[in-house]
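In what follows, chains carry the letters A, B, and so on, assigned in the order in which the sequence lines appear, proteins first and then strands, with residues in each chain numbered from 1.
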Number of protein chains: 2
Amino acid sequence: MNEVLPKFDSTFSIDCVVFGFDEGELKILLIERNEEPFKDWWALPGNIVGENESLDQSAGRILNELTGLSNIYMEQYYTFGDVNRHPQGRVVSIAYYALLRLGGDKAVKPISTYAKKANWIDVKDLPKLAFDHKKIFETGLEKIKRRIKHQPIAFELLPEKFTLTQLQNVYEVIGDKKLDKRNFRKKMLSFGILKDLEEKQQGVSFRAATLYKFDKRKYAKLFGKEISF
Amino acid sequence: MNEVLPKFDSTFSIDCVVFGFDEGELKILLIERNEEPFKDWWALPGNIVGENESLDQSAGRILNELTGLSNIYMEQYYTFGDVNRHPQGRVVSIAYYALLRLGGDKAVKPISTYAKKANWIDVKDLPKLAFDHKKIFETGLEKIKRRIKHQPIAFELLPEKFTLTQLQNVYEVIGDKKLDKRNFRKKMLSFGILKDLEEKQQGVSFRAATLYKFDKRKYAKLFGKEISF
DNA sequence: AATATAAGGTGTAATATTTACACTAAGTAA
DNA sequence: TTACTTAGTGTAAATATTACACCTTATATT
């Protein structure tokens, strides 16, 4: 930065790819737009960054307005800045993905005041999206596909207590590949980052599975050692 | 984006961490600032994004102005947007790392008109940096440390024709860890992405090593298979 | 021309990891 | 009691990783 700050018509926004996992399906939250441009189109939730907000704060706010939840797991992953990506002017958009637990106790219902309509939609069955949101989504999906191989993000998509089969399911759906049950369990348990809760699933037909939770402390101690799926 | 675009005093810039590798040392390009704020401090090369420039174009331009080179390997890796990161107003900065070949035929000399002074400085011996550039640098270094394990970016730091020892050196310096010569060669060659040029180094004292080049076509064919160091 | 020097280049055995594969156990529902 | 559905488990073969030391080759020196 070698000049005094020049100003021209430009601004920046956040767009969020909010992933949720439910019954073996990976979904994202889409909203139906109420305003031009792209009125009535489906779009990623997003908004302009406030004057006194950091990017992370802004993303957190958007997610909170949309879901009522705070402390959602969230990572910034790429910034989209093509000149003409927004028909009304230069808008650079910083993209975040968020991961959240759909299944389990409480289902997440998008808050209707945020947009005309908001729905969970299976990533395999997405409608056309406004702006360059298709590209933003695809980049985000690629990102979590890579990241799940080396970082413990799968747990963010599951309820706190989960079964090994559920966990395997997350890996299978995101990696788009069936995995061997015995090998999956052996490897996953070998990392030593799961805590056996010595507790069984409730309210299922048929044999109940053992519940586990992700052990953050033990994961932190791996420091440096790579986990790899 | 649900409103008409609001405007307030804000802008965005690009900052670049330009890595170069030479004789076993990993360096970055720093400039000495000529203006307030942080006059006379060392900083990452960067600039405001032009009105009609995409982010990638802007980063390319900055690197071209600085080095005279185009087609430098470059990746956007993170966007920094804390409210007070720039003392003169809200500036969101999109960070890129660039990798370039210092060694070999032609040394890269930073162009002096770009800044009062520009130097290659060993990453192990960096001065204090302006703004939040230390954090930007550290994030970038982390990024390439991770990325070099799974993507063929090491070659970008070497001349087109290189020896296996030089390549091993890149991995050792970036990974901050000595590697076994025989194992390194075995594994690297096993990927089948290096082309043996059947040609020897010139002008070295002592036994000349075989030269290789990175074979992009073969790498592209690996599609999906992961390379892993 | 003989010798010293410095880096290049190579193989193998021990260990660890990954893969492929199929049955029994447990709990629910009819 | 039986049928159904998912949970849970072990082993052998193949592959990948690690640890490790010496000879080769080209140049520089005497």
Side-chain angles (χ1 to χ4, degrees), chain A residues 22-25 103-104 148-150 158-159 161-173 175-213 222 224-229, chain B residues 22-25 103-104 148-150 158-159 161-173 175-213 222 224-229:
Chain A
D22 193 19
E23 316 255 335
E25 291 184 337
I148 201 173
K149 290 191 178 162
H150 306 289
L158 291 171
K161 301 175 179 187
F162 53 83
T163 69
L164 288 176
T165 300
Q166 290 169 339
L167 183 59
Q168 182 176 341
N169 242 281
V170 171
Y171 280 92
E172 287 180 337
V173 170
D176 204 14
K177 194 177 162 197
K178 279 268 168 221
L179 299 173
D180 178 86
K181 182 160 68 164
R182 276 176 293 190
N183 293 339
F184 178 83
R185 282 160 186 244
K186 204 188 327 174
K187 193 168 179 184
M188 183 54 82
L189 291 172
S190 77
F191 294 134
I193 60 178
L194 294 187
K195 180 164 189 179
D196 182 338
L197 293 172
E198 298 179 349
E199 194 182 329
K200 299 279 173 182
Q201 273 179 307
Q202 298 294 321
V204 286
S205 321
F206 316 116
R207 181 176 179 184
T210 301
L211 292 169
Y212 290 82
K213 69 183 265 221
L222 289 186
K225 265 171 241 164
E226 197 156 277
I227 65 173
S228 188
F229 263 92
Chain B
D22 192 19
E23 315 255 331
E25 290 185 339
I148 200 173
K149 290 191 178 162
H150 306 288
L158 291 172
K161 302 174 178 187
F162 53 83
T163 69
L164 287 175
T165 301
Q166 289 170 337
L167 184 59
Q168 181 175 342
N169 242 280
V170 171
Y171 280 91
E172 287 180 338
V173 170
D176 206 13
K177 194 178 162 196
K178 278 266 170 226
L179 300 173
D180 178 85
K181 182 162 64 165
R182 276 177 290 190
N183 293 339
F184 177 83
R185 285 160 184 244
K186 203 187 330 172
K187 193 167 177 183
M188 184 54 82
L189 292 173
S190 77
F191 294 135
I193 60 177
L194 294 188
K195 179 164 188 178
D196 181 340
L197 294 172
E198 298 179 346
E199 194 183 330
K200 300 278 173 184
Q201 274 179 307
Q202 299 294 322
V204 287
S205 321
F206 315 118
R207 181 178 180 181
T210 300
L211 292 170
Y212 291 82
K213 70 183 263 223
L222 289 185
K225 266 171 241 160
E226 196 155 278
I227 65 171
S228 186
F229 263 91

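At the heavy-atom level, T210(B) lies under 4.0 Å from the strands shown only through sugar-phosphate atoms. At a threshold of 4.0 angstrom between heavy atoms, the contacts of T163(B) with the nucleic acid are absent.
The base of dT5(D) lies outside donor-acceptor range of the side chain of R207(A), with no N or O pair under 3.5 Å. Below the 3.5 angstrom threshold, one finds a donor paired with an acceptor across the side chain of K186(A) and the base of dT19(C). The base of dT6(D) does not come close enough to the side chain of K181(A) for any donor and acceptor atom to sit less than 3.5 Å apart.
Spacing between atom CD of E226(A) and atom P of dA16(C) amounts to 20 Å, rounded to whole angstrom units. In this structure, F162(A) atom CZ and dT6(D) atom P are separated by 20 Å, rounded to whole Å. When the P atom of dG8(C) is taken as reference, atom CG of L164(B) falls 9 Å away, rounded to whole Å. Atom OH of Y212(A) and atom P of dA7(D) are 12 Å apart (whole Å). Counting to the nearest Å, the P atom of dT9(D) and the CE atom of M188(A) are 16 Å from each other. For the pair E199(A) CD and dG27(C) C1', the interatomic distance rounds to 17 Å; values are reported in whole Å. Between K200(B) atom NZ and dT27(D) atom P there is a gap of 11 Å when expressed in whole angstrom units. With rounding to whole Å, F206(B) atom CZ is found 18 Å from dC23(D) atom C1'.
Here R185(A) does not reach the OP1 or OP2 of dT9(D): none of its side-chain N or O atoms lies under 4.0 Å away. T165(B) has a side-chain polar atom (N or O) that falls below the 4.0 Å cut-off from OP1 or OP2 of dG8(C).
The CD atom of Q166(B) sits 9.0 Å away from atom CD of E23(B), with the distance rounded to the nearest 0.5 Å.
Annotation: of the two residues near DNA chain C, N183(A) and S205(A), the 5′-most nearest-nucleotide partner is N183(A).
Counting heavy atoms from C-beta outward, N169(A) and V173(A) have side chains that approach closer than 4.5 Å. Between T163(B) and L211(B), the closest side-chain pair of non-hydrogen atoms falls below 4.5 Å.
The environment of NZ in K161(A) is sparse: at most 12 heavy-atom neighbours from other residues, nucleotides or ligands sit within 6.0 Å.
In the set dT17(D), dG9(C), dA28(D), the nucleotide with an atom closest to the side chain of A209(B) is dG9(C). Looking at the side chain of R182(A), the nearest of the listed nucleotides dT27(D), dA22(C), dA21(D) is dA22(C).
Using modelled atom types and a 3.5 Å distance limit, the side chains of K200(B) and T210(B) yield a donor-acceptor pair.
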